[in-house]
Visitor: 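For reference, the structure I am asking about is given below.
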Amino acid sequence: MIKIAPSILSADFAKLGQEVDECLQGGADYIHFDVMDGEFVPNISIGIPVLKSLRKHTDGFIDVHLMIDRPVRYVETFVNAGADLLTFHVESDSEENILAAVKKTKELGKKVGLSVKPKTQADALYTYMELLDLVLVMTVEPGFGGQSFMADMLPKIETFAKYIDEHHLNCELEVDGGVDIKTAPLVKQAGANVLVAGSAVFREKDRGQIIQALREV
Ligand code: DX5
Ligand code: ZN
């Protein structure tokens with residue numbers, strides 16, 4: 001089943017509750033919550049207080065994408081703030097600390113994912129795969145919404161899809177960056193099952209219609 005995860009990075013933060021409600025009522029499966037620290041990526045977005053407020057507002061599934069250095073330091077804080085899934089970047093710390101972050105998230109009873117930036121090869125995640133609920137393939141350089149989809153990432157999506165299938169893993173395959181009506185069919189065909197879409201969803205007035213279109217196109 002294809003899942004759609006609107007990225008609230010492109011939402012109007014002055015009315016975030018309403019924006020999220022519209023997405024969930026429109027059939028969104030996850031709410032994708034992008035955290036940026038100005039170190040791991042050259043931009044700063046939202047963090048813990050906003051997540052706490054959103055958690056109070058909705059029971060919807062919140063998929064937290066941590067684009068921060070050394071995320072192991074904040075696992076407990078983000079879990080307590082209301083994340084349902086935490087995704088870390090494999091490039092953001094040593095192998096030992098990434099493993100610690102993954103294990104800590106699972107111990108706290110939440111789902112866990114790992115992400116690869118465009119220049120990172122799929123095999124960087126192979127040692128962790130058995131532990132993961134989700135793999136996130138970036139199809140833009142992380143940091144900003146509204147960038148163009150990198151079609152040269154499609155083989156990496158295919159590689160992960162094949163790996164997950166061959167190893168019989170219960171692991172979702174999420175794609176983030178430049179996903180819209182034109183690129184959604186490509187990522188699905190490559191084997192992705194969770195599509196993050198920021199600008200494509202929030203530039204449309206009718207959120208339900210675009211969410212359905214992304215799922216079905
Ligand atoms: C980029 C973020 C994305 C971003 C996607 O670093 O991780 O989630 O919001 O935005 P679009 O869909 O506009 O490329
Ligand atoms: Zn993201």
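Here the structure is a predicted model, which is why all the values come from computation and not from measurement. Order of appearance sets the numbers: ligands from 1, and atoms from 1 within every ligand.
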Visitor: With atoms numbered from 1 as shown, which atoms in ligand 1 lie under 4.0 angstrom from a non-hydrogen atom of Ala197?
Guide: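 Matching atoms, with element in brackets: 12 (O).
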Visitor: Ser199 to ligand 1: N or O pair under 3.5 Å?
Guide: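 Yes: some nitrogen or oxygen of Ser199 is under 3.5 Å from one in ligand 1.
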Visitor: Could you tell me whether ligand 1 has any atom less than 4.0 Å away from a heavy atom of Ala200?
Guide: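 Flag not set, Ala200 not near ligand 1.
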Visitor: Return the closest protein heavy atom for atom 10 (O) of ligand 1 as residue, atom name and distance.
Guide: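 In this structure, atom 10 (O) of ligand 1 has Gly145 CA, 3.5 Å as its nearest protein heavy atom.
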Visitor: Could you measure the distance from the CG atom of Leu131 to the SG atom of Cys171? Nearest 0.5 Å is fine.
Guide: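 That separation rounds to 10.5 Å.
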Visitor: Any donor-acceptor pair under 3.5 Å linking the side chain of Lys188 with the backbone of Leu214?
Guide: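 Side chain of Lys188 to backbone of Leu214, a donor-acceptor pair under 3.5 Å: yes, one is there.
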Visitor: If the cut-off is 4.0 Å to any non-hydrogen atom of Met36, which atoms of ligand 1 fall inside it?
Guide: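 It comes down to these atoms of ligand 1: 6 (O).
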Visitor: Return yes if a side-chain donor-acceptor contact under 3.5 Å exists between Tyr30 and Glu172, otherwise no.
Guide: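 On atom types as modelled, these side chains qualify, holding a pair under 3.5 Å.
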Visitor: Enumerate the atoms of ligand 1 whose separation from the nearest heavy atom of Met67 is less than 4.0 angstrom.
Guide: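 Atoms satisfying the 4.0 Å criterion: 6 (O), 7 (O).
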Visitor: Do me a favour and list the nearest non-hydrogen protein atom to atom 1 (C) of ligand 1 with residue, atom name and distance?
Guide: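 Result: Phe144 O, 3.5 Å.
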Visitor: Where the Zn ion (ligand 2) is the centre, what is the ND1-to-OD2 angle for His65 and Asp176, rounded to 10°?
Guide: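 Value, to the nearest 10 degrees: 90°.
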Visitor: I'd like to check which ligand 1 atoms, numbered from 1 as shown, lie under 4.0 Å from a non-hydrogen atom of Asp176.
Guide: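 The list of qualifying atoms is 2 (C), 3 (C), 4 (C), 5 (C), 7 (O), 8 (O).
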Visitor: If you check every N/O/S atom of Asp34, which is the one nearest the Zn ion (ligand 2)?
Guide: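 Going by distance to the Zn ion (ligand 2), the closest N, O or S atom in Asp34 is OD1.
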Visitor: Going by distance only, is there an N or O of Ser10 that falls short of 3.5 Å from an N or O of ligand 1?
Guide: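 No; every N/O pair is 3.5 Å or more apart.
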Visitor: Would a distance-only check, ignoring hydrogens and angles, find a side-chain to backbone donor-acceptor pair under 3.5 Å from Ser45 to Met36?
Guide: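 Indeed, once roles are kept as given, a pair shorter than 3.5 Å links the two residues.
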Visitor: So which heavy atom in the protein is nearest atom 6 (O) of ligand 1, and how far is it from that ligand atom?
Guide: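 Ranking protein heavy atoms by distance from atom 6 (O) of ligand 1, first comes Gly143 N, 2.7 Å.
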Visitor: Atoms of ligand 1 less than 4.0 Å from His65 heavy atoms?
Guide: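 In order of numbering, the contacting atoms are 7 (O).
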Visitor: May I have the step-by-step check of side chain to side chain contact (heavy atoms under 4.5 Å, CB included) for Val50 and Leu16, ending in yes or no?
Guide: CA-CA 9 Å; Val50 179; Leu16 187 56; 3.7 Å; yes
Visitor: Less than 3.5 Å between some nitrogen or oxygen of Met138 and one of ligand 1, yes or no?
Guide: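 For ligand 1, there is no N or O atom that lies under 3.5 Å from one belonging to Met138.
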Visitor: Taking the side chain as every heavy atom from C-beta outward, state whether Leu195 and Lys3 have any pair of such atoms under 4.5 Å apart.
Guide: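 Side-chain contact under 4.5 Å: no.
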Visitor: Report the member of Ile8, Asp34, Leu195 with the shortest heavy-atom distance to atom 2 (C) of ligand 1.
Guide: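 Nearest option to atom 2 (C) of ligand 1, by heavy atoms: Asp34.
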Visitor: The test is side-chain hydrogen bond (donor to acceptor under 3.5 Å, both in side chains); show your working for Asp63 and His65 and say whether it passes.
Guide: CA-CA 6 Å; Asp63 152 19; His65 178 193; over 6 Å; no
Visitor: Give the atoms of ligand 1, by number and element, whose distance to some non-hydrogen atom of Pro142 is under 4.0 Å.
Guide: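 That gives atoms 6 (O) of ligand 1.
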Visitor: Any link between Val137 and Val187 through a network of hydrophobic side chains (Ile, Leu, Val, Met, Phe, Trp, Tyr) touching at under 4.5 Å?
Guide: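 Cluster IDs for Val137 and Val187 match.
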Visitor: Could you measure the distance from the CG atom of Leu186 to the CG atom of Asp180? Nearest 0.5 Å is fine.
Guide: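 If I round to the nearest 0.5 Å, the distance is 9.0 Å.
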Visitor: Between Phe40 and His89, is the gap from one ring center to the other below 6.0 Å?
Guide: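 That pair passes the under 6.0 Å test.
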Visitor: For ligand 1, which atoms have a heavy atom of Ser7 less than 4.0 angstrom away?
Guide: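 Counting atoms of ligand 1 from 1, those under 4.0 Å from Ser7 are 4 (C), 8 (O), 9 (O).
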Visitor: So which heavy atom in the protein is nearest atom 12 (O) of ligand 1, and how far is it from that ligand atom?
Guide: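 For atom 12 (O) of ligand 1, the nearest protein heavy atom is Gly198 N, 2.8 Å.
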Visitor: Checking the side chain of Ser92 only, and the main-chain atoms of Phe88 only, is there a donor and an acceptor separated by less than 3.5 Å?
Guide: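 A pair under 3.5 Å: no.
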Visitor: To the nearest 0.1 Å, how far is atom 14 (O) of ligand 1 from its closest protein heavy atom, and which atom is that?
Guide: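 Closest protein heavy atom to atom 14 (O) of ligand 1: Gly178 N, 2.8 Å.
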Visitor: As an exercise, identify every atom of ligand 1 less than 4.0 angstrom from a heavy atom of Gly146.
Guide: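 Result: 10 (O), 11 (P), 13 (O), 14 (O).
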Visitor: Is it the case that the side chain of Asp123 and the backbone of Tyr126 share a donor-acceptor pair, with hydrogens and angles ignored and the cut-off at 3.5 Å?
Guide: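 Here the side-chain-to-backbone pair does not exist.
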